[in-house]
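Heads up, the thing below is written out as structure tokens.
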Amino acid sequence: MAERRLFVANRGEIALRAIATARALGIETVVGVSSADRDSLWARAADRMVVLGPAPAAASYLDQRLVLHAAVATGCAAVYPGYGFLSERAEFAALCEAEGMIFVGPTSTQIAAVGDKLAARDLARRAGVPLTRGSAELADVDAALAAANDIGFPVLTKASAGGGGRGMVIAENADALARAFGPASAAAQAAFGDGRLFLERYMPRARHIEVQAFGLGDGRVLHLHERDCSVQRRYQKMVEEAPAAILPAEIRAQLHAAAVGLLGSIGYASAGTVEFLYDESDQSLAFLEVNARIQVEHPVSEAVTGQDLVRWQLEQAFGSPPTLAQSAIGCDGHAIEVRILAEDPARDFAPSPGTITRWAPPSGEGIRLDSAVATGSRVPPFYDSMVAKLIVHAATRDAAVARLSAALARFEVDGIATNIPFLRALVSHPDFIANRLHTRWLEQTLLPQRAAA
């Protein structure tokens, strides 16, 4: 085993980012790819490439023993999971640990402690973190109806074992809940192999606010301020901002303290995010979940703090954790990220795989692009549709919105459909410019307006 050799168990821009960061730290890289990605930019960037298996993720990126075997066979000391795929699989982290392999992330015990949403709620309660009203695990629809009557409608069904909107249904009344319970449980079972559900009180005009944190593994946790991820479609984030400009100072301080306290209570190590709902009308906070991994939207936190979270992850994994004090992590200006997706908004955001015949992204002051495609790249139909992340940074939110709008106007892509035209309309909407947003804003306001136009 080479002491400074890293196996990158992911694809796309996060794989390319990990490879570049490792090289800057003098760490060799091996990347595992599917047959669909063997000619990708990240496959060519690594010191060595291993084909894990065929294109479907279940036969390549998600096959835990196959990935671990490839890492061991190539003499790697550590595995970098990024986000998605195996990044929050406690059993995969445990397999790495049993093999003597460094899992670049929290321990398997820590992932298990926060990965189950019901367990995470209990942990948050013990740590004194504010919670919305909710239920225990529900045995059947009758238990759900009884719990909903106690909580009060509207309620949200949630899968205990995972996220991403699977198993989530808003029920305005008992009839709606009775209809939704079975399909929601089936969706959770299909996505996570676990159909357990619970209920939470639904907050119809909440903001989605999350605190970026980094645990040092000894009870100490640093925070890199917070993000506002309220612009969502079907519970999937489309726009992320740092900081959350609408927060009063005392609420911001409460958020940071709650996140640090929760993760510190389990000795959390590596990057992680504690997510909350925030109701502007009464300034109430409610714990949502913990993401025990780095997230897609971490670049906006990097932009306002001047830090490099992927570098922190790798340095910690290879024995040199961050030495910064919390007081040294400032928050400068405002950053916004939008996800560039190979999807066609005119066809209800249907995926648009294919070959990119022109890739001409914007550049300039305050503009960052995280991507792993170029002219000639092929976007396969087997994976998430995100092909890039466009991040802008400026002194104020107004300036950042203007910079983002100008950057999107210059972003040219041919060969595949993308959501760029939709993003241009989004960032020019008066509500977005004025920051009058909530988690249902896009589906209740912008999408109906565009459909009627």
Side-chain angles (χ1 to χ4, degrees), residues 1-34 37 40 42-53 60-112 115 213-218 222 267-272 291-295 298 302 307-323 372:
M1 177 187 293
E3 290 185 1
R4 293 183 69 80
R5 183 177 296 160
L6 177 72
F7 192 87
V8 179
N10 214 300
R11 66 183 303 278
E13 52 83 23
I14 192 61
L16 197 58
R17 170 85 182 280
I19 292 165
T21 304
R23 179 169 291 118
L25 294 171
I27 299 169
E28 284 185 75
T29 55
V30 180
V31 65
V33 301
S34 74
D37 288 334
S40 62
W42 60 95
R44 298 201 294 266
D47 296 301
R48 182 176 173 185
M49 174 195 70
V50 175
V51 178
L52 296 169
S60 50
Y61 296 108
L62 287 172
D63 189 319
Q64 299 180 35
R65 295 190 178 277
L66 189 64
V67 171
L68 183 59
H69 174 76
V72 172
T74 53
C76 293
V79 175
Y80 186 80
Y83 47 73
F85 291 140
L86 300 178
S87 61
E88 287 185 287
R89 299 288 182 93
E91 62 270 32
F92 179 67
L95 286 173
C96 291
E97 293 161 0
E99 192 64 44
M101 184 83 60
I102 300 166
F103 179 82
V104 185
T107 67
S108 59
T109 303
Q110 291 164 359
I111 296 172
F214 195 94
L216 302 181
D218 58 4
L222 302 171
Y268 190 87
S270 196
N291 285 290
R293 54 174 167 79
I294 200 163
Q295 286 190 279
H298 73 272
E302 294 180 328
Q307 305 302 327
D308 185 331
L309 281 163
V310 175
R311 186 183 183 100
W312 281 18
Q313 286 186 298
L314 294 182
E315 287 179 334
Q316 182 183 57
F318 286 89
S320 301
T323 57

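Just so you know, residue 1 is the first one in the sequence shown, and it goes up from there. Small disclaimer: the values here were computed from a predicted structure and weren't measured.
Here the closest heavy-atom approach between residue R293 and residue S87 is recorded as CD-OG, 3.3 Å. Residues V30 and C76 come closest through the heavy atom pair CG2-SG, 3.8 Å. Closest non-hydrogen pair, A70 versus V50, comes out as CB-CG1, 4.2 Å. Across all their heavy atoms, S108 and A94 have their closest contact at CB-N, 3.5 Å. Heavy-atom minimum distance, A24 versus R311: CB-NH1, 4.4 Å. Among all heavy-atom pairs drawn from R23 and A45, the shortest one is NH2-O, 2.7 Å.
Inter-residue side-chain proximity for V8 and W42 is flagged as unmet; no heavy-atom pair is nearer than 4.5 Å. Residues F318 and L25 fail the side-chain proximity criterion, which asks for heavy atoms closer than 4.5 Å. Counting heavy atoms from C-beta outward, F85 and V67 have side chains that stay 4.5 Å or more apart. Residues V310 and H298 are in side-chain contact: their nearest non-hydrogen atoms beyond the backbone lie under 4.5 Å apart. Residues L62 and L86 have side chains in contact (heavy-atom distance under 4.5 Å, counting atoms from C-beta outward). Contact of the V33 side chain with the V51 side chain is registered, since non-hydrogen atoms from C-beta on lie closer than 4.5 Å. Between Q316 and F214 the shortest side-chain heavy-atom distance falls below 4.5 Å. The shortest distance between side-chain heavy atoms of C96 and I102 does not fall below 4.5 Å.
Note: W312 CH2 to Q307 CD = 4.5 Å, rounded to the nearest 0.5 Å. Note: T21 OG1 to L16 CG = 9.5 Å, rounded to the nearest 0.5 Å. Separating the CD1 atom in I19 from the CD1 atom in I27 is a distance of 12.5 Å, to the nearest 0.5 Å. The OH atom of Y268 sits 12.0 Å away from the CG atom of L216 when rounded to the nearest 0.5 Å. The distance from the NE2 atom of H69 to the CG atom of L95 is 14.0 Å, given to the nearest 0.5 Å. To the nearest 0.5 Å, atom CD of residue Q64 and atom CD of residue E91 are 4.5 Å apart.
Judged as a salt bridge (charged side-chain N to carboxylate O under 4.0 Å, His left out), and not counting sequence neighbours, the contacts of D308 are R17. Take R48 and apply the salt bridge (charged side-chain N to carboxylate O under 4.0 Å, His left out) test, not counting sequence neighbours, and it matches no residue.
Not a single donor-acceptor pair under 3.5 Å links the side chain of Q313 to the backbone N or O of S270. Looking at R11, its side chain never comes within 3.5 Å of a backbone N or O of S34 through a donor-acceptor pair. Proximity of a side-chain donor or acceptor of E97 to a complementary backbone N or O of F103 within less than 3.5 Å is not detected. When atom types are taken as modelled, the side chain of Q110 and the backbone of A269 share a donor-acceptor pair closer than 3.5 angstrom.
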Could you go through the side chain to side chain contact (heavy atoms under 4.5 Å, CB included) check for Y80 and N10 one step at a time?
-> CA-CA 8 Å; Y80 186 80; N10 214 300; 5.8 Å; no

Evaluate side chain to side chain contact (heavy atoms under 4.5 Å, CB included) for L6 paired with V104, printing each intermediate quantity in order.
-> CA-CA 9 Å; L6 177 72; V104 185; 4.1 Å; yes

Please walk me through it: do D47 and R5 pass side chain to side chain contact (heavy atoms under 4.5 Å, CB included)?
-> CA-CA 10 Å; D47 296 301; R5 183 177 296 160; over 6 Å; no

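Among pairs with a residue in residues 63-81, none fulfils salt bridge (Lys or Arg N to Asp or Glu O under 4.0 Å), at least two apart in sequence or across chains.
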